Amino acid sequence: MRNKIVLIDGHSILNRAFYGLPDLTNADGLHTNAVYGFLTILFKILEEEQPQYLTVAFDVHAPTFRHEMYAEYKGTRKPMAEELRQQVPVIKEVLQAMGIKTVECAGLEADDLIGTLSKRCEESGMDVSVISGDRDLLQLATEHVKIRIPKTKQGRTEVEDYYADDVKARYQVTPTEFIDLKALMGDTADNIPGVPSIGEKTATKIITEYHSIEAAYEHVEELKPPRASKALLEHWDLAVMSKELATIHVNAEFPFEIEEALLGNIYTEEAYAYFQKLQFKNLLARFDVTAPANKVEDYFRVVTEKEEAERIFAEGEHASCIGACIFQDTKDVLPLFAKDAGIGGIGLCFGDEEIYAIFAGGDIEAKWLLKQLGLLAERTERFAMFDLKRVLKDLELIYQDHCFDLTVAAYLLNPLKNDYSYEDVAREQLNLMIEDKLEEESKICYEAYTAYKGSEVLWEKLKESGMAELFTEIEMPLVFTLYDMEQNGVRVEADALKAYGERLGVQIAALEQEIYKEAGEVFNINSPKQLGVVLFENLKLPGGKKTKTGYSTAADVLEKLAPDYPVVAKVLEYRQYAKLKSTYADGLAGYIQEDGRIHGKFNQTITATGRISSTEPNLQNIPVRMELGRMIRKVFIPEDGYEFVDADYSQIELRVLAHCSGDSHLIAAYKEESDIHRITASQVFHVPFDEVTDQQRRNAKAVNFGIVYGISSFGLSQDLSITRKEAAQYIEDYFKTYPGIKVFLDDAVRHAKEKGYVTTLFGRRRPVPELASSNFMQRSFGERVAMNAPIQGTAADIMKIAMLGVNRRLKEQRMKSRLVLQVHDELLIEAYQPEIEEVKKILKEEMEQAADLKVPLEIDMHTGANWYEAK
DNA sequence: ATTGTCACG
DNA sequence: ACGTACGTGACAATC
């Protein structure tokens, strides 16, 4: 059995990984995609090859000497991207932590190091695998030296393997001849010029015939295409230089002890710490020893006897912190009406050594378990669970003050994540890796333990980052408010909805036929791909390409064509109807439950800014702007004896901006006049208030919106259909009128660049990693985010405070009226008729007093027999 | 699973 | 020169 060594071309693989993967950053804003990709490839290779030895070679400086020759010759060379450059030292440190030998030597390229090592190792009887993204290395291939070139195809990495024979099969030349081939055809990727006008075809022909450029030059007159003959004569110096550039030195002198390359255990604690810091969760799973000092599992207890369960509950009464979870019975799904239906048991933890999975069954009734858990929750100083809103259905919680939802806490600490599972919290906050394949009881114990232990860590971090009050005073109580809202649901008239859908169906069918007729063919109008072909190829309409997959058929494109082409107008109309029918008429109907109501979900841990999101179905995007769509709101109705009261904030975001910026002119504007867009127009365009034209008001409104979104002249020009220059002028005039706004927005960006995040008035944070990017686009995005997030986020905070106040008063006063929907700046209450006046009073007071700003908060309020009327 | 489109604030 | 407004979710088609 021959020993095997793997030699990796460090910069080449890092480079491949960098350009093959989307940009990733860890919590510190450090770019990590190249390091991640490198390690992925490394692990894959190690698994496949099972080598005894491994070495990674780096250039001392990239680019190095040999390439500088040509760089000088050519005078151009792009510097390495900053995001990649900063990852080079990181991968070296990580490799060192894994005990992997790295080699670099001043004056020698990685190629030369690899070439030399490959030769030495082969001569000492080893098999060699060279890993590089660079085909130049193919010249090193022999019977025992395999060149492996990883390729990223649709996210997966595939590897092309070349022994000497494979090079011959692929390029028709031997590895040695490959150098001469490169010398002729050049390689732009590696900055080898080659001979002008000789490409792969001609070069291959010449080298297969003469085997080297020198031999070819001796017969230069006979070379086949006369063009090549001429080119080689003229540019012989280039060919020689290219050959020199392309040749890898295999007899370089540098210190290297093979025993240093011997592979040991690469899954060291040090490496684990690095992976942790870099947030490579998938890769962490490879470390089978988790935290040796932290043998949590030794204290797991499975409980099935009632006496033991009773003893545990009694013991838990004195605990200052309880971590818990409730798990569903996996065996069968029981009817919905039983309150404890489908509960398989609970997980409970109230100390490092008190971790239990208590199963329902036998003497232990699920109902009893939940009752006991509820009692514990009342007594303890902190009751910690994940996703509390989800379990409130099963667990009646009486006190909410000391409840701790780890999902919400983790969200506040980093609102950019996609999910907040207990596995994530265990890993990130407790350095605890939880394996994928665990028995159910282990999972339960881990979740309870993580809730117990993690709540402490998260709480400390919330305090450190100034979000403790936001958490206890707003987010935690809001869990219960959102739960109430979900339970309340909103009544929807199924019959009317069905009739509406059927009306749309008729219209859609008619339009469909007309479109087919005018297009001269039958096709799927819903397919952007097919529609694009029909419109822009078959019908030859002007205004071609846009997206990478084909023609854009988006509304703004089609609207430009609609006046001239009736088909296009019909397509737009069809689209509108189809959207209304599929998403709203048919879509909503599927969510109406037996009580005649839709109980959608309101999610608290989704958005980057702190807003609530709505799903299953989304009740925050019910049509309102177009009359036809708006009619859908007529099917949203209150119960008999009730009426809807709808209240929405008037320009809350602009008012927040006025307050946060402290701009005296904007504040004054709000104090004296309610039509803010008109007064903005008057002040920016220097015309008397009463003489502001509709156009001026529209423009001012667009600028106001733009400011809130993180203004850019391009965006504004797009919105107003004006030139960028004009848009830039508007913005300049605006900032001249309200200088405080400019200072505020600039400060937001500066703060974000410095700290890496921005905050709302109530301390909510939003990280802005994009600002560290060297990519103009990404950085610009980061700047807009830094300007928008504090405004949108503060408005979201205020609305949350208002919701808490409204819901609290409705419940305190034992009213029948209930909160049913929140749409960012709007609340909908299903008000019991005798209570309507009180409800209006509560809404007005709680919403307008939710925050004390330098400008008044105002609301518009309406009542109605359905949502259409109340809005 | 991703893309294009479109509904909302 | 780069190519955009901020924040969401659902549906249908296509991969």
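Given the structure is predicted, the values throughout are model-derived calculations rather than measurements.
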Review point. Using a cut-off of 4.0 Å on non-hydrogen atoms, how would the nucleic acid contact of A/Ile791 be classed: base, sugar-phosphate, or nothing?
Key: nothing
Check your understanding: Should the pair A/Arg491-A/Glu830 be classified as a salt bridge under the 4.0 Å nitrogen-to-oxygen rule?
Key -> no
Practice item. Check every atom of C/dA13, B/dT5, C/dT8 against the side chain of A/Asn524 and return the nucleotide holding the closest atom. Key: C/dA13
Point to revise | Length of the CG-P vector between A/Asn526 and C/dT14, whole Å | key: 9 Å
Review point. Which listed nucleotide (B/dA7, B/dC6, B/dG9) is nearest to the side chain of A/Gln792?
Key: B/dG9
Practice item. Kindly say if A/Arg575 contacts the phosphate of B/dC6, meaning a side-chain N or O under 4.0 Å from OP1 or OP2. Key: yes
Check your understanding: Cut-off 3.5 Å, side chains only: do A/Glu573 and A/Gln507 have a donor facing an acceptor?
Key -> no
Review point. Any side-chain N or O of A/Lys579 under 4.0 Å from OP1/OP2 of C/dA12?
Key: no
Review point. Is any NZ, NE, NH1 or NH2 atom of the basic residue among A/Arg697 and A/Asp675 found under 4.0 Å from an Asp or Glu carboxylate oxygen of the other?
Key: yes
Review item, side-chain donor-acceptor pairs of residues 718-725 of chain A, under 3.5 Å, at least two apart:
| residue | atom | partner | partner atom | Å |
| --- | --- | --- | --- | --- |
| A/Thr723 | OG1 | A/Glu726 | N | 3.1 |
| A/Thr723 | OG1 | A/Glu726 | OE1 | 3.1 |

Point to revise | Selected nucleotide, minimal atom distance to A/Tyr709 side chain, candidates C/dG3, C/dC6, B/dT5 | key: C/dC6
Point to revise | Side-chain N or O of A/Ser780 closer than 4.0 Å to phosphate OP1/OP2 of C/dG3 | key: no
Practice item. Determine the Euclidean distance between corresponding P atoms of C/dG3 and B/dG4; express it in Å to zero decimal places. Key: 16 Å
Check your understanding: Taking only residues two or more places apart in sequence, or in another chain, which ones meet A/Tyr551 in a ring pair (Phe, Tyr, Trp, His ring centres under 6.0 Å)?
Key -> A/Phe536
Point to revise | Pairwise 5' ranking along DNA chain C for A/Thr609 and A/Pro617, keeping only the more 5' one | key: A/Thr609
Check your understanding: Between atom CD1 in A/Ile632 and atom C1' in B/dA7, what is the gap in whole Å?
Key -> 10 Å
**Study point:** Between B/dT5 and C/dC2 - P atom distance, rounded Å
**Key:** 22 Å
Practice item. May I ask you to check whether A/Tyr709 and A/Gln792 show a side-chain donor-acceptor distance below 3.5 Å? Key: no
Check your understanding: Within the structure shown, what part of the strands sits under 4.0 Å from A/Ala555 by heavy-atom distance: base, sugar-phosphate, or nothing?
Key -> sugar-phosphate
Review point. B/dC6 and C/dA1: how far apart are their P atoms, nearest whole angstrom?
Key: 33 Å
Review point. Picking from B/dC8, C/dA5, C/dT8, which would you name as closest to the side chain of A/Thr607?
Key: C/dT8
Check your understanding: What's the CD-P distance between A/Gln822 and B/dG9, to the nearest Å?
Key -> 12 Å
Check your understanding: What is the distance from CG of A/Asn418 to P of C/dT8, rounded to the nearest Å?
Key -> 11 Å
Check your understanding: Which sits closer to the 5' end of DNA chain C, A/Met777 or A/Asn788, going by the nucleotide each is nearest to?
Key -> A/Met777
Review point. Quick one: A/Gln620 CD to B/dC6 C1', roughly how many Å, whole number?
Key: 16 Å
Point to revise | Nearest-Å distance for atom pair CZ/C1', residues A/Phe636 and B/dC8 | key: 12 Å
Revision key, fill the gap. By side chain to side chain donor-acceptor pair (under 3.5 Å), A/Thr794 pairs with (sequence neighbours left out) none
Practice item. Pick base, sugar-phosphate or nothing for A/Asp648, based on heavy-atom distances below 4.0 Å to the nucleic acid. Key: nothing
Review point. Among side-chain atoms of A/Thr615 and A/Asn603, is any donor-acceptor pair under 3.5 angstrom?
Key: yes
Check your understanding: Does C/dG9 have OP1 or OP2 sitting under 4.0 Å from an N or O in the side chain of A/Ser614?
Key -> no
Point to revise | Residues A/Tyr734, A/Phe685; criterion ring-ring contact (aromatic ring centres under 6.0 Å, His included); working and verdict | key: CA-CA 9 Å; A/Tyr734 184 93; A/Phe685 303 130; 9.8 Å; no
Review point. What nucleotide among C/dC11, C/dG3, C/dT14 has an atom nearest to a side-chain atom of A/Gln530?
Key: C/dT14
Review point. Pairs in or reaching into residues 744-774 of chain A: which pass ring-ring contact (aromatic ring centres under 6.0 Å, His included), with residues at least two apart or in two chains?
Key: A/His751-A/Tyr757
Identify each atom pair where a protein N or O and an N or O of nucleotides 1-3 of chain B are less than 3.5 Å apart, giving names and distance.
none

Point to revise | Minimum-distance nucleotide (side-chain atoms of A/Phe781 versus B/dG9, C/dA10, C/dC6) | key: C/dC6
Study note, to complete from the structure: Rounded to whole Å, the CD-P distance (A/Glu770 to C/dC6) equals 10 Å
Revision key, fill the gap. With the side chain defined as heavy atoms from C-beta on, A/Arg766 is closest, among C/dG7, C/dT8, C/dA5, to C/dG7
Revision key, fill the gap. Taken to the nearest whole Å, CZ/A/Phe536 to C1'/B/dG4 is 14 Å
Exercise for review: Please work out if A/Glu616 contacts a base, only the sugar-phosphate, or nothing of the nucleic acid, heavy-atom cut-off 4.0 Å.
Suggested key: sugar-phosphate
Exercise for review: Go through C/dT4, B/dG9, C/dA10 for me and flag the one nearest to the A/Phe714 side chain.
Suggested key: C/dT4
Exercise for review: Report the C-alpha separation of A/Thr759 and A/Arg766 in whole Å, then their side-chain angles, then the decisive distance to 0.1 Å, and conclude whether the side-chain hydrogen bond (donor to acceptor under 3.5 Å, both in side chains) test is met.
Suggested key: CA-CA 6 Å; A/Thr759 54; A/Arg766 155 139 199 200; over 6 Å; no
Review point. Is A/Arg784 side chain donor-acceptor paired with the C/dG7 base, going by distance under 3.5 Å alone?
Key: no
Exercise for review: Would you indicate what A/Val823 reaches in the nucleic acid, counting non-hydrogen atoms under 4.0 angstrom: base, sugar-phosphate, or nothing?
Suggested key: sugar-phosphate
**Study point:** NZ/NE/NH1/NH2 to OD/OE distance under 4.0 Å, A/Glu653 and A/Arg611
**Key:** yes
Exercise for review: Could you tell me whether the phosphate oxygens of B/dG9, OP1 or OP2, come under 4.0 Å of any side-chain nitrogen or oxygen in A/Arg625?
Suggested key: yes
Check your understanding: Looking only at N and O atoms, is any donor in the side chain of A/Asn621 or the base of B/dA7 less than 3.5 Å from an acceptor on the other one?
Key -> yes
Point to revise | Among C/dT14, C/dT8, C/dG3, the one nearest A/Ser527 by side-chain distance | key: C/dT14
Point to revise | For DNA chain C, the dot-bracket pattern of Watson-Crick and G-U pairs whose distances stay under 3.5 Å, | for other-strand partners | key: .....|||||||||.
Review point. C/dC11, C/dT4, B/dC8: which one has an atom nearest the side-chain heavy atoms of A/Arg633?
Key: B/dC8
Practice item. Could you tell me whether A/Ala702 contacts a base, only the sugar-phosphate backbone, or nothing, with contacts defined as non-hydrogen atoms closer than 4.0 Å? Key: base
Practice item. For A/Ala789, answer base if it contacts any base atom (sugar-phosphate contacts may also be present), sugar-phosphate if it contacts only those atoms, and nothing otherwise; contact means non-hydrogen atoms under 4.0 Å. Key: nothing
Check your understanding: Aromatic rings A/Tyr516 and A/Phe523: how do their planes relate, parallel, tilted or perpendicular, breaks at 30° and 60°?
Key -> perpendicular
Check your understanding: For A/Leu580, which contact category applies under a 4.0 Å heavy-atom criterion: base, sugar-phosphate, or nothing?
Key -> nothing
